[in-house]
Amino acid sequence: MKTMNFKLGLASLLAAALLTSVNAKASDNNADKQKDKVEIKAIASLPVGNIDPVQDDKTNPEETDIWLYRVAGELETGDAKVELDKTLNRNVLRCDFYQQKSWYGTYLCYRTKNQEMQRKVYSLTFKAKGTSGNNMKVIIVGNNGKECVIAARKSESETPAGYKQINLKKDYTEYVLDFDFSKKVKAPYQYPDGNGELGETSDEVLTNFFIMFSPNSEFTKFVLDDVKLELKK
């Protein structure tokens, strides 16, 4: 009888250990899944109305999970607002830029929640339309404004850059832009390899960053919809 009880006790311990291991793996998997997709406040859920411009979008570190419209100085550089697109039957973000001072001067952006990213390639997907033929830079920059996640390269020989540029169309077009969260540059320009500008992404960039949409020319209008950032499949 004692031998049987011992075997039953051992079996129970083994079963408990196995269950603990399974739960631990499930927990790890869930943690990984949480980093696979960045939570972005849906544009469709934003209330209709103007977005007040700010002159410094990085002064309040507690203000996260928010869409912002940044203007340079006191010049009237444009306006941004949430409006109902009757064709789509949902709210969209519309921006009218009268002039463009620089990539860091005037832009629409989303500031993420504090979250831990993986040092891997993520795909930024969105729909946009605007002034046909005008270009817009898309940039992911850390909350210190000095470290830009590089646009994913097809090969190591390709010159790294901290931005992707799109050409606006008059009708909604879906864009899928890849960004490598393992590497960063100091500003969204192209840099040759080996000059010290390309580096490893800091923890700061991985936990709190801005997704920026910055028109590359004056008198540019664009509408933005359905923005997502997910681990590249």
Side-chain angles (χ1 to χ4, degrees), residues 36-60 62-115 122-141 143 163-179 208-230:
D36 288 353
K37 184 176 181 180
V38 176
E39 292 184 35
I40 296 178
K41 181 173 288 184
I43 294 175
S45 70
L46 300 176
V48 171
N50 292 331
I51 297 179
D52 293 331
V54 296
Q55 292 197 20
D56 189 347
D57 53 14
K58 301 172 182 63
T59 54
N60 186 357
E62 303 300 322
E63 192 175 34
T64 61
D65 189 28
I66 187 172
W67 285 94
L68 295 165
Y69 172 54
R70 204 261 186 180
V71 297
E74 298 180 357
L75 297 174
E76 185 182 7
T77 53
D79 59 68
K81 61 183 177 181
V82 180
E83 65 179 22
L84 174 64
D85 186 312
K86 295 181 180 179
T87 302
L88 298 177
N89 196 30
R90 63 174 177 268
N91 291 348
V92 295
L93 268 171
R94 175 180 292 276
C95 285
D96 294 353
F97 286 88
Y98 310 135
Q99 55 183 303
Q100 174 59 11
K101 301 300 291 183
S102 62
W103 70 267
Y104 56 83
T106 306
Y107 49 80
L108 177 74
C109 73
Y110 172 76
R111 187 173 191 173
T112 64
K113 296 179 180 179
N114 292 327
Q115 54 197 311
Y122 284 75
S123 294
L124 178 67
T125 305
F126 60 92
K127 295 183 179 71
K129 67 177 181 178
T131 305
S132 183
N134 281 13
N135 295 323
M136 180 165 67
K137 280 186 170 67
V138 183
I139 308 161
I140 296 179
V141 61
N143 64 8
Y163 70 92
K164 283 281 193 178
Q165 184 165 287
I166 65 170
N167 186 258
L168 292 167
K169 314 292 183 185
K170 66 176 183 178
D171 298 318
Y172 280 111
T173 302
E174 183 175 74
Y175 299 89
V176 181
L177 311 178
D178 292 341
F179 289 87
N208 187 293
F209 53 89
F210 295 79
I211 303 172
M212 298 165 46
F213 301 87
S214 179
N216 210 26
S217 52
E218 296 182 340
F219 301 106
T220 297
K221 299 181 180 182
F222 74 94
V223 180
L224 194 64
D225 179 42
D226 199 21
V227 181
K228 299 175 184 175
L229 182 61
E230 300 178 327

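Remember, it's a predicted structure, so these values are computed and weren't measured experimentally.
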Using 0.5 Å steps for rounding, measure from the [atom1] atom of [X] to the [atom2] atom of [Y].
| X | Y | atom1 | atom2 | answer |
| --- | --- | --- | --- | --- |
| Ile66 | Thr112 | CD1 | OG1 | 12.5 Å |
| Asn89 | Leu84 | CG | CG | 6.5 Å |
| Leu93 | Lys81 | CG | NZ | 11.5 Å |
| Leu124 | Glu230 | CG | CD | 10.0 Å |

Heavy-atom check, side chain of [X] versus side chain of [Y], under 4.5 Å:
| X | Y | answer |
| --- | --- | --- |
| Tyr172 | Val92 | yes |
| Glu39 | Asp65 | no |
| Val138 | Phe179 | yes |
| Lys137 | Gln165 | yes |

Nearest non-hydrogen partners of [X] and [Y], listed with the distance:
| X | Y | value |
| --- | --- | --- |
| Ser123 | Asp178 | OG-OD1, 2.7 Å |
| Lys41 | Tyr110 | N-OH, 3.3 Å |
| Val227 | Trp67 | CG2-CH2, 3.9 Å |
| Arg111 | Glu63 | CD-O, 3.2 Å |
| Asn134 | Thr220 | ND2-OG1, 2.8 Å |
| Asn91 | Leu46 | ND2-O, 2.8 Å |

[X] side chain vs [Y] backbone, donor-acceptor pair below 3.5 Å:
| X | Y | value |
| --- | --- | --- |
| Thr125 | Lys228 | no |
| Asp85 | Thr87 | yes |
| Tyr175 | Asn167 | yes |

Apply the side chain to side chain contact (heavy atoms under 4.5 Å, CB included) test between Phe126 and each candidate in Ile43, Ile166, Ile40; give the one that qualifies.
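For Phe126, the side chain to side chain contact (heavy atoms under 4.5 Å, CB included) test succeeds with only one of Ile43, Ile166, Ile40, which is Ile166.
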
Working note: Asn208 + Thr64, criterion side chain to side chain contact (heavy atoms under 4.5 Å, CB included); need CA distance, chi angles, decisive distance, verdict.
CA-CA 8 Å; Asn208 187 293; Thr64 61; 3.5 Å; yes

Pairs meeting criterion salt bridge (Lys or Arg N to Asp or Glu O under 4.0 Å) with involvement of residues 86-95, two or more places apart:
Glu83-Arg94, Arg90-Asp225

Parallel, tilted or perpendicular: rings of Phe222 and Phe213 (30°, 60°)
tilted

Just checking, any donor-acceptor pair under 3.5 angstrom between side chains of Asp36 and Tyr122?
no

